[in-house]
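Here the structure is a predicted model, which means the values were calculated and not measured.
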Amino acid sequence: MRRKAWLAGAGVALFVVLVQVLFGVGGPSERIGTVLAVLVPVCATMLLAPGLRSAVAATAVLAVGLIALGVWAGPPQGALSPPPQDWLLPYYGLVTLVGLVLLPMRLPGWRGLLTIPMLATAAVFLTCWYQLSFFVVPLNPSGGPPRTGVRDADFLSLPDELNVHELAPSCLGAHVPCLRLYEVWSRHGAPNPEVMTLTAAALRDQGWPMTGNTEGASGCRPVRGVFTWADHCLSLHPTTEFVEPRQTTHPGAIVLWASSQ
């Protein structure tokens, strides 16, 4: 029992490190949620294993599978990292297969023959439900690649000279997820064209292909992982194009739109 407890602790530490190294993107809440989403199936698999050797083997298979998914889901140069749903779906499929292999060891004889088909059917049902719930219906109801919200960390590393304030999002029409809106202005009271130029230059330094002039700019980046996602796009607009209730309040401010196309 003590050896299995040591194995569980080592396995948890290993998977925490793997998740942070392979998929360590996003804010603290996303990182914590991703770690928990990986660890819960790992712990359940360890508990299901009837012995130490089978627990070690199951943990090794899941670790190798997670590493393979990390390599597969790594975005190419110029692309953004996908959300956790991208690689969690195949990861949960691997966990299900490992569980179906371990289950007969726990339930020999006729009990295993009855239980395994039922669990396999439930696993297929849950996988299809996950696919429909997280990829098709809420993320892109009109069809096409699934959509995901733009991460702040992907574009909000702006110079200290610029202030940023998030406005109320726009969730009307085809904006799923919601269109995120930000007010950007200069700490030193720079005019609108200068703020536009500084913001566009800062976004280009982060890899965004912003094109335009002092009257507006825009650029999109692909989101690639195990699946192909809708592109993320940023656009900069002068405040004269904006209407209430999201009117900016600072002189020389511009509005930054962050959306999924």
**Asked** With a 4.5 Å heavy-atom cut-off, do Asp86 and Val223 have their side chains touching?
**Response**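 No, side chains not in contact.
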**Non-neighbouring partners of Arg204 that pass side-chain hydrogen bond (donor to acceptor under 3.5 Å, both in side chains), sequence neighbours left out** =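 side-chain hydrogen bond (donor to acceptor under 3.5 Å, both in side chains) check on Arg204 returns nothing, list empty.
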[X] [atom1] to [Y] [atom2] distance, which is reported to the nearest 0.5 Å:
X	Y	atom1	atom2	answer
Leu156	Gln206	CG	CD	8.0 Å
Leu97	Tyr92	CG	OH	15.0 Å
His188	Asn163	NE2	CG	9.5 Å

**Message:** side-chain contact (heavy atoms from CB on, under 4.5 Å), that's the test. Do Tyr182 and Leu234 meet it? Break it down for me.
**Reply:** CA-CA 11 Å; Tyr182 299 83; Leu234 302 179; over 6 Å; no
**Request:** Just do the side-chain contact (heavy atoms from CB on, under 4.5 Å) check on Thr34 and Trp87 with the steps written out, would you?
**Result:** CA-CA 11 Å; Thr34 301; Trp87 53 270; 3.3 Å; yes
**Message:** Under the rule for ring-ring contact (aromatic ring centres under 6.0 Å, His included), what residues qualify as partners of Trp185, not counting sequence neighbours?
**Reply:**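 By the ring-ring contact (aromatic ring centres under 6.0 Å, His included) rule, Trp185 matches His250.
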Could you tabulate the donor-acceptor pairs under 3.5 Å formed by side-chain atoms of residues 42-65, not counting sequence neighbours?
from, atom 1, to, atom 2, distance (Å)
Thr45, OG1, Pro41, O, 2.8
Ser54, OG, Gly51, N, 3.1
Ser54, OG, Gly51, O, 2.9
Thr59, OG1, Ala55, O, 2.8

**Prompt:** Do the side chain of Arg151 and the main chain of Ser81 share a donor and acceptor less than 3.5 angstrom apart?
**Reply:**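 Yes, Arg151 side chain to Ser81 backbone: donor-acceptor pair under 3.5 Å.
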**Item:** side-chain contact (heavy atoms from CB on, under 4.5 Å) assessment of Leu89 paired with Val226
**Value:** CA-CA 10 Å; Leu89 180 63; Val226 176; over 6 Å; no
**Asked** Is a salt bridge present between Asp160 and Arg187, judged by a nitrogen-to-oxygen distance below 4.0 Å?
**Response**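 No.
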